[in-house]
Amino acid sequence: MTSEPASYVGRFAPSPTGPLHFGSLLTAVASFAQALVHRGEWLIRIEDIDPPREQHGSDKLILDMLEAYGFEWNRPVSYQSTFAPRHDELVACLLDQGLAYKCTCSRRDLADATRGLLGAIYPGTCRNGCGSGAAAVRIIVDDRPVEFEDALQGPYGHQLQSVSGDFVIKRRDGLIAYHLAVVIDDFDQGITEIVRGIDLMDSTPRQIYLQRQLGFTTPAYMHVPIAVNGDRQKLSKSTGARPISAENAGKELCMALHCLDQNVPAGLADEGVSTIWQWVSENWSARELRFKKEIPATLHGYG
Ligand code: GLU
Ligand code: ZN
């Protein structure tokens, strides 16, 4: 049987660096809610391409928790590491086309580089050839602005030459860079809208640039506010965010919706998670989050 491809495909793409905490729950809720109101598909992709940062077994903890909270995904969970051959093939393509080059500069070589919005601006040292030994791969950027319209945050863009310069798409240790992996997988999986935390908004122009160099279409973007603690740091494992628990899933889910400025009716928190998602599919409105950047999770007992 063939079926029409879904006209909306969303995704949640956690890195398996620890159990799900309230901050990642908020992003997952926003992303799934967007797919529900569009009657679209929703996928989960575990972004396991940076082993040094990963915590063994946390993929399972994340998936079990999503299941306990009543999230439903339409395809088997994918693991980004399994797409490595495809990633490498496209790195080779970019090199062949002269759109990227090998770079043997060490961190020390770049210590004096000018700093831009996104860190050291690569001075282009290896554009015309590099030394021997372990090499990273960099994509060549230009001075044209790369702009997009975020569904919540409005227009945004970078002129890459002045914020990062030619940036790394494959690391010197052989690992594919996040920017390239995410662009390839989102395209291959047919993702139409990317809903993720606003902390990744800075990454988007580089990712759109890569889409253009690869001849890919650009999906829609919605960067949602991130949960922060009392010191206005993003909730994360390193800032000591508390993992969420499967007990009281309904209450926690309603708290997440409330934090996302949804008008949750009294009593909904006492219902099962499937009733809550039914309510979400009829009532979710992302508009409430327009221009919002932070959610003070501490006020709600998290963080
Ligand atoms: N894997 C990334 C993270 O957990 C998210 C990537 C994305 O949504 O584009 O921060
Ligand atoms: Zn170099």
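Counting starts at 1 for both ligands and their atoms, in listed order.
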Considering only heavy atoms of [X], which atoms of ligand 1 have at least one such atom less than 4.0 Å away?
| X | answer |
| --- | --- |
| R11 | 7 (C), 8 (O), 9 (O) |
| S15 | 1 (N), 2 (C), 3 (C), 4 (O) |
| V182 | 9 (O) |
| E47 | 1 (N), 2 (C), 5 (C), 6 (C) |
| R196 | 7 (C), 8 (O), 9 (O) |

**Prompt:** Below 4.0 Å from any atom of ligand 1, is there a heavy atom belonging to Y178?
**Reply:** yes
**Message:** Just to check, does Q207 reach to within less than 4.0 Å of ligand 1 when the distance is taken from its heavy atoms?
**Reply:** no
**Vertex the Zn ion (ligand 2), rays to SG in C103 and SG in C126 - rounded to 10°** = 130°
**Side chain, backbone, both or neither: the part of T17 lying under 4.0 Å from ligand 1 by heavy atom** = neither
**Prompt:** Where does R45 meet ligand 1, judged by heavy-atom distances below 4.0 Å: at the side chain, the backbone, both, or neither?
**Reply:** neither
Below 4.0 angstrom, N of the basic side chain to O of the carboxylate: do [X] and [Y] qualify?
| X | Y | answer |
| --- | --- | --- |
| D50 | R171 | yes |
| R11 | D185 | no |
| K292 | E294 | no |

**Prompt:** What protein heavy atom sits nearest atom 5 (C) of ligand 1, and how far off is it?
**Reply:**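 Here the closest protein heavy atom is A13 O, 3.4 Å.
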Side-chain donor-acceptor pair present, [X], [Y], cut-off under 3.5 Å:
| X | Y | answer |
| --- | --- | --- |
| T204 | R196 | yes |
| H223 | Q153 | no |
| Q207 | Y221 | no |

**Message:** Checking the N or O distance criterion of under 3.5 Å, is ligand 1 in contact with P14?
**Reply:**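 No: no nitrogen or oxygen of P14 is under 3.5 Å from one in ligand 1.
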**Item:** T125 near the Zn ion (ligand 2) via N/O/S, less than 2.8 Å
**Value:**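 Within the cut-off used here (under 2.8 Å), T125 places no N, O or S atom near the Zn ion (ligand 2).
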**Whether C130 has an N, O or S atom under 2.8 Å from the Zn ion (ligand 2)** = no
**Prompt:** Between Y69 and W277, does the ring centroid distance fall short of 6.0 Å?
**Reply:** no
**Prompt:** Is the centre of the W73 ring less than 6.0 Å from the centre of the F32 ring?
**Reply:** no
**Prompt:** Looking at T104, L110, D109, which hits side chain to side chain contact (heavy atoms under 4.5 Å, CB included) with S106?
**Reply:**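 It is D109, the one option of T104, L110, D109 that forms the side chain to side chain contact (heavy atoms under 4.5 Å, CB included) with S106.
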